Engineer: 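Mind having a look at this structure? Questions to follow.
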Protein chains: 2
Amino acid sequence: MLSKKTKYGIKALIYLSKQKDGIPIQIETISKNENISRKFLESILLTLRKNGLLGSKKGKGGGYYLIKAPIDIKMSLIMRVLEGPIAMVPCVSLNFYEKCEDCPDEDACGVHSLMEEVRDSTLSIFNNKSLADLIK
Amino acid sequence: MLSKKTKYGIKALIYLSKQKDGIPIQIETISKNENISRKFLESILLTLRKNGLLGSKKGKGGGYYLIKAPIDIKMSLIMRVLEGPIAMVPCVSLNFYEKCEDCPDEDACGVHSLMEEVRDSTLSIFNNKSLADLIK
DNA sequence: TTTTAATCCTATTAATCCTATAGGGCAATA
DNA sequence: TATTGCCCTATAGGATTAATAGGATTAAAA
């Protein structure tokens, strides 16, 4: 299930996509327009900035803005930054791989190969969708 | 991320698939062979039984057994029973639908249609895999 | 130079969900 | 009727998520 963090983050990104390029938008503005808790949103925007999705400007007239064009922001990146691994099990995760301690042989594991399939199909969707595709 | 409940449940189902049909296997046996906490496994097998995946026999010589052949048990059912909705958001869930309280128009929502795609592709994998496919 | 308006950052709380355990009840078999 | 093993509910503890608090820092404007 999608966390609220991810949901709020995507909403904020969509909101920013609709603004004029480069003009900083304040947290408060997004918070009110999208009905998201001010402080919670603050921490979300911070991680989006730290992961290179947003730029910010401090002080009066400051705020957040998109660094790249919406069409150049893949959904797979957004999902990884906000939600974490796309795979359902760590042992098939490309970016967050971890071995199962209880599984002697990954290649022989039925769950492993099943989850690999799921990962591939999900990933191909997220890789082929950009933030721009969410705005219609 | 897949919960331990689901992981344990699948392991137990695989274990039962490998047994002779209809012979009840005790919780204790599965617990020891698959290294799963006895009591936790007990509650998992109970939900599998209540959802029509397993049968049980009480008393001496009792235990759990598969009701259907592994090939007739779709992974989509197993996932729904153990993990819950397959969709990432309730508003695109087929079996556990819930309206987003913050979204005025689902058809205009970009997240909605994106998650519908993800659901469809995941579901088509789970619908086309059975428990039998996990055993190789 | 002072005020004001913003983000930045860390810490903490509150709530929820997940994992695991406890203990007795109930049914079937021998 | 004793024993075996599932049935069921309750609950504890921990991890994660969601939200809040408060001040530090930076930049623009008065």
Side-chain angles (χ1 to χ4, degrees), chain A residues 1-12 16 22-32 34-67 81-85 88-90 96 98 101-102, chain B residues 1-12 16 22-32 34-67 81-85 88-90 96 98 101-102:
Chain A
M1 282 280 146
L2 218 63
S3 66
K4 289 201 174 179
K5 181 182 174 185
T6 303
K7 199 173 178 185
Y8 291 164
I10 294 176
K11 280 188 162 198
L16 289 173
I23 297 179
I25 309 291
Q26 291 104 23
I27 298 173
E28 190 67 24
T29 308
I30 306 173
S31 158
K32 277 185 181 154
E34 297 295 329
N35 236 49
I36 305 170
S37 143
R38 166 75 166 67
K39 277 294 193 179
F40 192 24
L41 178 60
E42 194 176 324
S43 72
I44 295 168
L45 295 179
L46 206 59
T47 68
L48 286 172
R49 192 205 51 136
K50 286 186 175 169
N51 284 278
L53 284 160
L54 292 180
S56 67
K57 211 177 158 227
K58 280 188 176 182
K60 206 167 190 174
Y64 285 95
Y65 51 89
L66 286 183
I67 282 182
V81 164
L82 292 172
E83 191 73 12
M88 294 186 84
V89 281
F96 305 82
E98 263 176 73
E101 75 286 345
D102 57 334
Chain B
M1 282 282 145
L2 218 64
S3 67
K4 289 202 174 178
K5 180 181 173 187
T6 304
K7 199 172 177 185
Y8 292 163
I10 294 176
K11 281 187 161 196
L16 288 173
I23 296 179
I25 310 291
Q26 289 105 19
I27 297 173
E28 192 66 24
T29 308
I30 305 173
S31 158
K32 277 186 178 151
E34 297 295 328
N35 236 47
I36 305 168
S37 142
R38 167 75 167 67
K39 276 293 190 177
F40 193 25
L41 179 60
E42 193 175 328
S43 72
I44 295 168
L45 296 178
L46 205 59
T47 67
L48 286 172
R49 192 206 50 134
K50 286 185 176 172
N51 284 279
L53 284 160
L54 294 179
S56 67
K57 218 181 152 218
K58 283 185 175 182
K60 203 167 191 174
Y64 284 96
Y65 52 89
L66 286 182
I67 283 182
V81 165
L82 292 172
E83 190 74 11
M88 295 185 85
V89 280
F96 303 83
E98 262 177 74
E101 76 285 345
D102 56 334

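Here the structure is a predicted model, which is why all the values come from computation and not from measurement.
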Engineer: Indicate for each nucleotide in nucleotides 9-15 of chain D, in 5' to 3' sequence, whether protein heavy atoms under 4.0 Å reach the base (B), only the sugar-phosphate (S), or nothing (-).
Structural biologist: -------
Engineer: Hey, does Ile25(B) have a side-chain heavy atom less than 4.5 Å from the side chain of Tyr64(B)?
Structural biologist: no
Engineer: Indicate every side-chain donor-acceptor pair of residues 48-56 of chain B with a distance under 3.5 Å to a residue at least two apart or in another chain.
Structural biologist:
| residue | atom | partner | partner atom | Å |
| --- | --- | --- | --- | --- |
| Asn51(B) | ND2 | Thr47(B) | O | 2.8 |

Engineer: Using atom names, set out every protein N or O paired with an N or O of nucleotides 13-19 of chain C below 3.5 Å, distance rounded to 0.1 Å.
Structural biologist:
| residue | atom | partner | partner atom | Å |
| --- | --- | --- | --- | --- |
| dT19(C) | OP1 | Lys4(B) | N | 2.9 |
| dT19(C) | OP2 | Lys4(B) | N | 3.4 |

Engineer: Using a heavy-atom cut-off of 4.0 Å across all strands, would you classify Arg38(A) as base, sugar-phosphate, or nothing?
Structural biologist: base
Engineer: Restricting to salt bridge (charged side-chain N to carboxylate O under 4.0 Å, His left out), what partner residues turn up for Arg38(B), sequence neighbours left out?
Structural biologist: Glu28(B), Glu42(B)
Engineer: Measure from CZ on Arg49(A) to C1' on dT26(D) and round the result to the nearest Å.
Structural biologist: 12 Å
Engineer: Would you say dC7(D) has OP1 or OP2 under 4.0 Å from some side-chain N or O of Tyr64(B)?
Structural biologist: yes
Engineer: Check whether the side chain of Glu42(B) and the base of dC8(D) form a donor-acceptor pair under 3.5 Å.
Structural biologist: yes
Engineer: Nearest-Å distance, CD1 (Ile27(A)) to C1' (dT25(D))?
Structural biologist: 14 Å
Engineer: Nearest whole angstrom, please: distance from the P of dC6(D) to the CG of Leu41(B).
Structural biologist: 10 Å
Engineer: In residues 54-62 of chain A, what residues come within less than 4.0 Å of DNA chain C, judged by heavy atoms?
Structural biologist: Ser56(A), Lys57(A), Lys58(A), Gly59(A), Lys60(A)
Engineer: Where the side chain of Ser31(A) meets the backbone of Ile36(A), is there a donor-acceptor pair that is under 3.5 Å apart?
Structural biologist: yes
Engineer: What's the angle between the local helix axes at either end of the helix from dT1(C)-dA30(D) to dA30(C)-dT1(D), using five pairs per end and rounding to 10 degrees?
Structural biologist: 10°
Engineer: Round to the nearest Å and state the distance from Glu28(B) atom CD to dC7(D) atom C1'.
Structural biologist: 16 Å
Engineer: Separation of Leu45(B) atom CG from dC6(D) atom C1', in whole Å?
Structural biologist: 10 Å
Engineer: Expressed in angstrom and rounded to an integer, what is the separation of Ile44(A) atom CD1 from dT17(D) atom P?
Structural biologist: 13 Å
